[in-house]
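Each remark here refers to the structure printed beneath this line.
Letters A, B, ... mirror the listed sequences (proteins, then strands); counts begin at 1. As a basis for the values below, the full set of heavy atoms in this structure was taken, side chains included, without hydrogen atoms, waters or symmetry mates.
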Amino acid sequence: MVEKRDYKDTLNLPKTKFSMRAHLNKLEPRLLKKWEETGLYQRMRQEFKDRPLFILHDGPPYANGHIHMGTALNKVLKDFIVKSRQMMGFNCPYVPGWDCHGLPIEHKVDQELEGKKKEMSPLEIRQRCRTYAEKFMHIQRQEFKRLGILGEWDKPYLTMDFKYQATIVREFGKFLLSGNVYRRKKPVYWCPQCQTALAEAEVEYADERSPSIFVKFKLITDITDKYPVLKDKDVYLVIWTTTPWTLPANLAIALNPEAEYVAVAAQNEVYILAARLLHLCMSDFGIKNYEVLTEIVPQDLEKKECQHPFVDRKSLIILADYITLDTGTGCVHIAPGHGEEDYESGLKYGLDVYAPVDASGRFTEDIPFFAGEFVFTANAKIIEKLKEVNALLHLSEITHSYPHCWRCKKPIIFRATEQWFISVEKNNLRQKALEAIEKVKWIPSWGKNRIRSMVEVRPDWCISRQRVWGVPITVFYCERCGEILKDEAIIEHVAQIIEKEGADAWFKYDAKELLPEGTSCPVCRGTTFRKEMDILDVWFDSGVSHVAVLEKSPYWQDLRWPADLYLEGSDQHRGWFQSSLLTAVGTRERPPYEAVLTHGFVVDGQGRKMSKSLGNVIYPEEIIKQYGAEILRLWVAASNYQDDIHLSQDILKQLVEAYRRIRNTTRFLIGNLYDFDPKTDFVPYAERVEIDRWAAHRLQWLIKRLRQAYERYQFHLIYHSLHSFCVNDLSAFYLDVLKDRLYTSAPKSKERRAAQSTLWEILEVIVRFMAPVLSFTAEELWEHLSAWTPRKESVFLSTLPEPRSEYEDEALAERWERLLAVRKEVTRALELARQSKEIGHSLDAEVLIAAPKKLKKFLKEYEKELATIFIVSHCQVVDELGNDALAAEEIEGLKVLVRAYPYPKCERCWKRSPEVGKNEKYPELCARCVEVMEAL
RNA sequence: GGGCCUAUAGCUCAGUUUCGGUCAGAGCGCACGCCUGAUAAGCGUGAGGUCGAUGGUUCGAAUCCAUCUAGGCCCA
């Protein structure tokens, strides 16, 4: 009796050093180092310099704090685009940038200084801010690089670079010269204690007790032709306010144009107020007897006038659709110098932006009775005055949320101060911007509608801030006549100083030193000047990045204005997309981008926004630590980024599994190529068997689909298509079927080489298409593939394969679609046999198939292949099957019978066969394996 | 409160970019099973959805319209 021989070592089992487990925490840093050391990015610039350009212009994140999922998502998407466009034959330089100026950094520095700020000069504070911004630029740069994002990291653009600051000055200068820049009063938050303007971020809300007063304004325009019932009556509009001190600045009363108003007779007078609030008000006023005389159409009162109760001035009646009817009277007191909406309405009706309050919160001299009085203490006196003139209908107190200064915690006020604006009307800027919007491709398409409706109604751009950390508004006033110098030569002179010394120069030198020698006022010939000390809105900084970065610069070569693409979150329709559009249209008459792509926001598994208070925040760092940047990248790819993007631990776990699947599939491919030399062993397509040609056909389909998905920035289709191809086409079918041929055939046999040739081609395609997304894994694979054939040192220097029409065979694909449908029925039958313990492995089985005429004829043609395709030991197409056969679920008339194939199992290929035992030398083997063994 | 957007199985997404009639699908996960020659792998079978809710248009709607609900972005 001979010992059973182990034939395992006669098989061609897969071999590879490409490990099953990725160890991404080691792989990623190694490849990052390699890319850095070999200068991959620079290498790409060199290699691709003659290709057509594709410019994705980076929107600058704010240089404050660590990156979060939103910034990571944004940069990874950009990386997908840069890498894929590059691999599609473009030259894609990518210069990342940072937004460095602005309030948040100045705040942080303030906090660090703990009040020492007052003793410091603006220059010293600015230096601290610069250091702070630099620190976080460095941190974020490291974090972005860790995600595998390739770019010009050694030469990013910073809005605080001297050259960039000079660009800001020059671009502002263009607007100044074009006449779009003007100065006007506008209400801002103002702290009378600190005597400074506050930004919205500096305002805290807290409960405050305030007087609640109802005041009547006498209607002095005669409306009795329309409302004869009011003839010979004293008619009043009744307003409600909680800030009596703004009454001296009252210029108007606003009504809601959509609401219904009534005129009510009570106490021998007539009051006009909103119908809906009538009863509530009357009960507040303690008036029991009243009578509605008539309804009043608000449009009939528009531009009519009331008399101010204690100032010798008229108050205009206006319409404003923001008036709510929740509280008050529906008639709203308007002081354009003391409220945002009041201001907007004031502009619409041409009212003065009147704010008779000084920096310390005291009434100015032109206010009768209260001049010099602090506004909050004046409240009581104003109420007294209202009583005195019999204008007060009702007085009470309420507690409500009121803005307070973040520093001194005292209540603040709205106060009009001089601000700088860019007019959107002058030179038809708005109209031109709207026309420019039409020329841009917005993805998704609703982006156009969104930005258009914003530009249509936006007010003039307030570009001034009363701060130090930023680029100054470089304007000089004549000391003698107040005229502003608007001179190209002066702007350029200042720009050159700033280019050399930075915007600090503005704070360092006085006006005389900043002006060219001999400058005199063109109006009054004055020779002494004062410089403006406001700084520019940071949206202007980043809004001119297209000029600072893309226009011909010796610093970044290969760039081009305008950009092909901007890509940011959908909040930037109001932000950067718009500021960039306005600066470009205003100075260059066209948009700075050809296309704008937007993504949604990262939310948690339930679709709620991530916030510290909800405790559902996930940080990029955690994901990298736990799973690797590759998984983070896969998450970006797997999600449809045009909507909100969900992120949770469950989602990440799912992606880890998907990653393993893709990795293992490629590992199987590479493992079966260990003895394959494409130069000598390659079997041409025409000489391969049908299933190989089916796989080649499917591969072309995949190529087309993936190319289209990259073309359209649909990365979730990349992920799903690639994953599905690995799982369905390869793992569950082609590779499973192929194992027999790969393992048991003679190593150099043509059929095995044909299989390997196909695997080789599949792998060469997959490694390239996965590279933009799974950059680390693709590069690792690429390194392994270098052992087969010489190739560029990085997958990113290669190009995405084109579909090969000679590999496409629709007729063949259709035939195999039928075969696969039959196979599905067979596996179902196999499973039943397995459950009834008739078989274990499918190779234990024999399959008999009966089918209607047409299908039967078709299957007969494939009869010899069917056992292989089904991975069973024997398969036969028969004329009839009895009731013990399984009727197919999805194919009419098909019957499948599975039964144990009663022959011995070949110890080498595990197929059962009547041939086993017939050969004396190899009694445990089937005829085919005997043949192979003889040849070895 | 207003503008824009989203809502398909527990999860991620499909159903070839122009708009109602084999579109209710895939994968993951789950359950059960097979294999042990992709093995901290691989294969198979199965259970899951009245396509956010309600109303309407239509012979017929997840697919069109309206309203509502939930969520997101931007404003107020």
So for A:Glu657 and B:C28, does any side-chain atom that can act as donor or acceptor lie under 3.5 Å from a complementary atom in the base? no

Which of the following nucleotides, B:A14, B:G37, B:U12, is nearest to the side chain of A:His716? B:A14

Please determine if a side-chain N or O atom of A:Ser731 lies less than 4.0 Å away from the OP1 or OP2 oxygen of B:C43. yes

Mapping A:Ser453 and A:Thr744 onto RNA chain B by nearest heavy atom, which one lands closer to the 5' end? A:Ser453

Under 4.0 Å from OP1 or OP2 of B:G27: is there any side-chain N or O of A:Asn728 that close? yes

I'd like the C1' distance from B:C73 over to B:U57, given in whole Å. 32 Å

Can you tell me if A:Arg660 touches the phosphate of B:C28, counting only side-chain N or O atoms and a distance under 4.0 Å to OP1 or OP2? no

Is B:G27 paired to anything, Watson-Crick or G-U wobble with both distances less than 3.5 Å, and if yes, which nucleotide? B:C11

Just checking A:His841: base, sugar-phosphate only, or nothing, at a heavy-atom cut-off of under 4.0 Å? sugar-phosphate

Which nucleotide, if any, forms a Watson-Crick or G-U wobble pair with B:G55, using both distances under 3.5 Å? B:C65

Give one of base, sugar-phosphate or nothing for A:Lys653, where a contact means two heavy atoms less than 4.0 Å apart. nothing

Going by centres under 5.5 angstrom and planes under 30 degrees, do the aromatic ring of A:Tyr743 and the base ring of B:G37 stack? no

With a 3.5 Å limit on both atom pairs, tell me what B:G42 is paired to, counting Watson-Crick and G-U wobble, or say none. B:C34

Scan nucleotides 66-76 of chain B nucleotide by nucleotide, 5' to 3', and note B when protein non-hydrogen atoms come under 4.0 Å of the base, S if they reach only the sugar-phosphate, - if neither. -----SSBSSS

Sugar-phosphate only, base, or nothing, as touched by A:Trp910 at under 4.0 Å among non-hydrogen atoms: base

Just to be sure I understand the rule, does A:Arg908 reach a base, reach only the sugar-phosphate, or reach nothing, if contact means heavy atoms closer than 4.0 Å? base

Name every residue in residues 827-837 of chain A that has at least one heavy atom under 4.0 Å from any atom of RNA chain B, in order of residue number, or write none if there are no such residues. A:Thr827, A:Arg828, A:Glu831, A:Arg834, A:Lys837

Should the pair A:Lys186 and A:Tyr343 be classed as cation-pi, given the thresholds of under 6.0 Å to the six-membered ring centre and 45° from the axis? yes

For B:G71 versus B:A31, give the span between their P atoms, rounded off to a whole number of Å. 32 Å

Contact nearer the 5' end of RNA chain B, comparing A:Phe733 with A:Gly447: A:Gly447

With rounding to the closest Å, how many angstrom separate the C1' atoms on B:C11 and B:C68? 27 Å

Syn or anti for B:G48 (syn when the glycosidic angle lies within 90° of 0): syn

How far does the C1' atom of B:U22 sit from the matching atom of B:G10, given to the nearest Å? 28 Å

Side chain of A:His723 - closest among B:A38, B:G27, B:G44: B:G27

Measuring to OP1 and OP2 of B:C11, would you say a side-chain N or O of A:His646 lies under 4.0 angstrom away? no

Quick check for you: among B:G37, B:C28, B:A38, whose closest atom lies nearest to any side-chain atom of A:Arg667? B:A38

N/O (side chain, A:Arg21) to phosphate O (OP1/OP2, B:A38) under 4.0 Å: no

